[in-house]
2 protein chains.
Amino acid sequence: MSDQPPKNSRLRDAVRTQAEILDVATREFAERGYAGARVDEIAALTRTTKRMIYYYFGGKEQLYIKVLERAYTGIREAEQAVDVTGLDPAGAIRHLAELTFDHHTEHADFIRLVSIENIHRAEHLAKSETLAKAGTPVIDLISGILARGREQGVFRDDADAVDVHMMISSFAVFPVANQHTFGTLFGRDPLDPGRRAHYRRMVGDMVVAYLRTGS
Amino acid sequence: MSDQPPKNSRLRDAVRTQAEILDVATREFAERGYAGARVDEIAALTRTTKRMIYYYFGGKEQLYIKVLERAYTGIREAEQAVDVTGLDPAGAIRHLAELTFDHHTEHADFIRLVSIENIHRAEHLAKSETLAKAGTPVIDLISGILARGREQGVFRDDADAVDVHMMISSFAVFPVANQHTFGTLFGRDPLDPGRRAHYRRMVGDMVVAYLRTGS
DNA sequence: CGGCTAATGTACGAACTGGTTCGTTAGTAG
DNA sequence: CTACTAACGAACCAGTTCGTACATTAGCCG
């Protein structure tokens with residue numbers, strides 16, 4: 001008698017189909033960009049047909065926006081899971097930097113989508129109701145750490161939370177976003193697993209060093 | 001009797017036409033990405049016709065590669081013009097960081113092209129004979145500065161030139177590459193002229209602080 | 001079981017897009 | 001002046017691509 005909630009118990013799938021479309025679309029868009037992505041190709045890599053993409057999402061652009069939303073949801077959740085209680089300011093900011101670095105290097109698709117979205121001047125991001133507002137939790141976290149650091153006299157007092165976040169993000173994003181051009185030009189793959197621990201320590205060293213220098 | 005060199009004195013333009021095509025193409029590709037760029041649109045924004053694009057460049061891809069090559073030539077020249085004689089190691093690396101930051105923020109088109117090229121896994125960059133090899137002069141410059149810093153005991157001794165270049169580039173590229181998503185999500189335009197001097201000082205502070213911390 | 005709707009598949013079309021064909025004109029060499 | 005070639009233009013073509021019209025099936029409700 002396991003009663004299904006009112007609607008949505010129709011078992012010719014629906015939810016699963018939508019999820020599958022989103023998965024495939026994420027890969028396709030991240031791989032080829034918005035203009036380069038092919039709706040037919042996404043459909044082909046799905047169990048279902050192109051018809052369903054239009055049935056559930058309405059069109060290429062709306063599908064892309066949903067993909068973006070789901071991707072951003074990922075980091076936002078990761079950010080909310082960060083816990084720095086019990087760490088001193090320097091340890092806390094280093095921890096956050098390392099987690100950010102880890103998350104970015106492990107989610108190349110997301111970084112690629114962000115790059116793509118920037119090429120399009122974030123016009124789709126702006127169209128998304130879920131994303132355009134949605135304040136980001138990291139900033140509050142960083143603000144808190146910076147405040148503690150200042151109180152204890154171990155951090156410079158002119159450091160701004162958003163700026164520090166940008167500094168950390170820069171170094172965490174770069175190896176992923178520019179992996180191929182950088183790799184080709186300097187003969188060094190910035191995502192080489194063997195170098196990863198090194199870069200991870202480097203982000204931490206960098207932010208902490210910056211925050212410790214006098215204002 | 002001003003004799004023109006053997007050929008190429010034909011004055012129904014040619015060189016000028018090619019340059020114009022390249023200029024327009026640079027904007028179009030940077031604006032819409034490789035797949036999003038339209039050959040017809042490039043032609044329309046030119047004094048000439050699409051026929052000429054194929055006449056001079058062979059096709060969309062070859063044109064794009066030429067655009068890339070010209071864009072990269074820009075920074076390479078800027079890099080070669082950097083002069084740090086007479087500066088102490090910290091001053092030298094700060095100067096380089098600031099110039100890199102200036103150059104990147106002033107050449108958004110180039111940064112966008114690099115982003116686009118990374119989406120395509122640098123496949124076109126690899127196809128370019130001019131670019132694929134062409135060692136980059138900055139690395140040597142940085143190596144020299146780091147060596148001096150180590151000798152004088154003012155820099156950590158485990159800093160690598162390519163890594164330091166990546167650190168500087170990260171922070172210089174980010175505001176341009178992620179201007180729109182970052183701006184939308186954090187309500188702060190990272191390229192706002194009013195914040196520029198601040199970020200410029202920040203890159204310098206960051207690298208110098210990093211290099212000064214003990215290994 | 002009959003009917004109703006959500007879910008799905010097939011085939012198609014209109015517009016676009018990279019690339020080409022064919023022909024023309026400007027300038028120069030002889 | 002004539003012949004020749006580099007430079008150029010207009011129209012066109014074939015393949016693609018987003019989107020849709022139409023038909024169909026699965027499952028549920030009464």
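The structure displayed is predicted, hence computed values, not measured ones. A note on names: the letters A, B, ... follow the listed sequences, proteins ahead of strands, and every chain is numbered from 1.
Proximity note for A:Lys60 (side chain, C-beta onward) versus D:dG19, D:dA7, C:dG18: the nearest is D:dG19. In this structure, the nucleotide among D:dG9, D:dA7, D:dC18 sitting nearest to the side chain of B:Ala14 is D:dA7.
Whole-Å rounding puts the A:Tyr54 OH to C:dA11 C1' distance at 15 Å. Note: OH (A:Tyr55) to C1' (C:dA6) measures 5 Å, nearest angstrom. A straight line from CE of B:Met52 to P of C:dT25 spans 15 Å, rounded to a whole angstrom. Here the P atom of nucleotide C:dG18 and the CZ atom of B:Phe57 are 16 Å apart, to the nearest Å. Look at CG on A:Asp40: it is 13 Å from C1' on D:dG15, rounded to the nearest Å. When the P atom of D:dG19 is taken as reference, atom CG of A:Leu63 falls 10 Å away, rounded to whole Å. Taking atom OH of B:Tyr64 as the reference point, atom P of C:dT17 lies 19 Å away to the nearest angstrom. To the nearest angstrom, P of D:dT17 lies 14 Å from CZ of A:Phe29.
Taking side-chain N and O atoms only, B:Thr17 has no distance below 4.0 Å to OP1 or OP2 of D:dA7. Of the side-chain N and O atoms in B:Thr48, one or more sit less than 4.0 angstrom from OP1 or OP2 of D:dG9. Put simply, B:Arg38 has a side-chain N or O that comes within less than 4.0 Å of OP1 or OP2 on C:dG18. Within the structure, every side-chain polar atom (N or O) of B:Arg51 is placed at least 4.0 Å from both OP1 and OP2 of D:dG9. The phosphate of C:dT8 has OP1 or OP2 within less than 4.0 Å of a side-chain N or O from A:Tyr56.
Checking A:Glu117 against A:His124 by side-chain atom types alone, a donor-acceptor pair falls below 3.5 Å.
Among the atoms of the strands shown, only primed sugar atoms or phosphate atoms (P, OP1, OP2) are found under 4.0 Å from some heavy atom of A:Ala37.
When the ring pair (Phe, Tyr, Trp, His ring centres under 6.0 Å) test is applied to A:Phe171, no partner is found at least two apart in sequence or on another chain.
A salt bridge does not link B:Glu69 with B:Lys127: every distance from a Lys NZ or Arg NE/NH1/NH2 to an Asp or Glu carboxylate oxygen is 4.0 Å or more. Ion pairing of B:Asp109 with B:Arg27 is absent here, as no side-chain N (NZ or NE/NH1/NH2) approaches a carboxylate O to less than 4.0 Å. The residues B:Arg195 and A:Asp160 are annotated as not salt-bridged, no charged nitrogen and carboxylate oxygen being separated by less than 4.0 angstrom.
Remark: the B:Lys50 side chain and the C:dG19 base include a donor-acceptor N/O pair separated by less than 3.5 Å.
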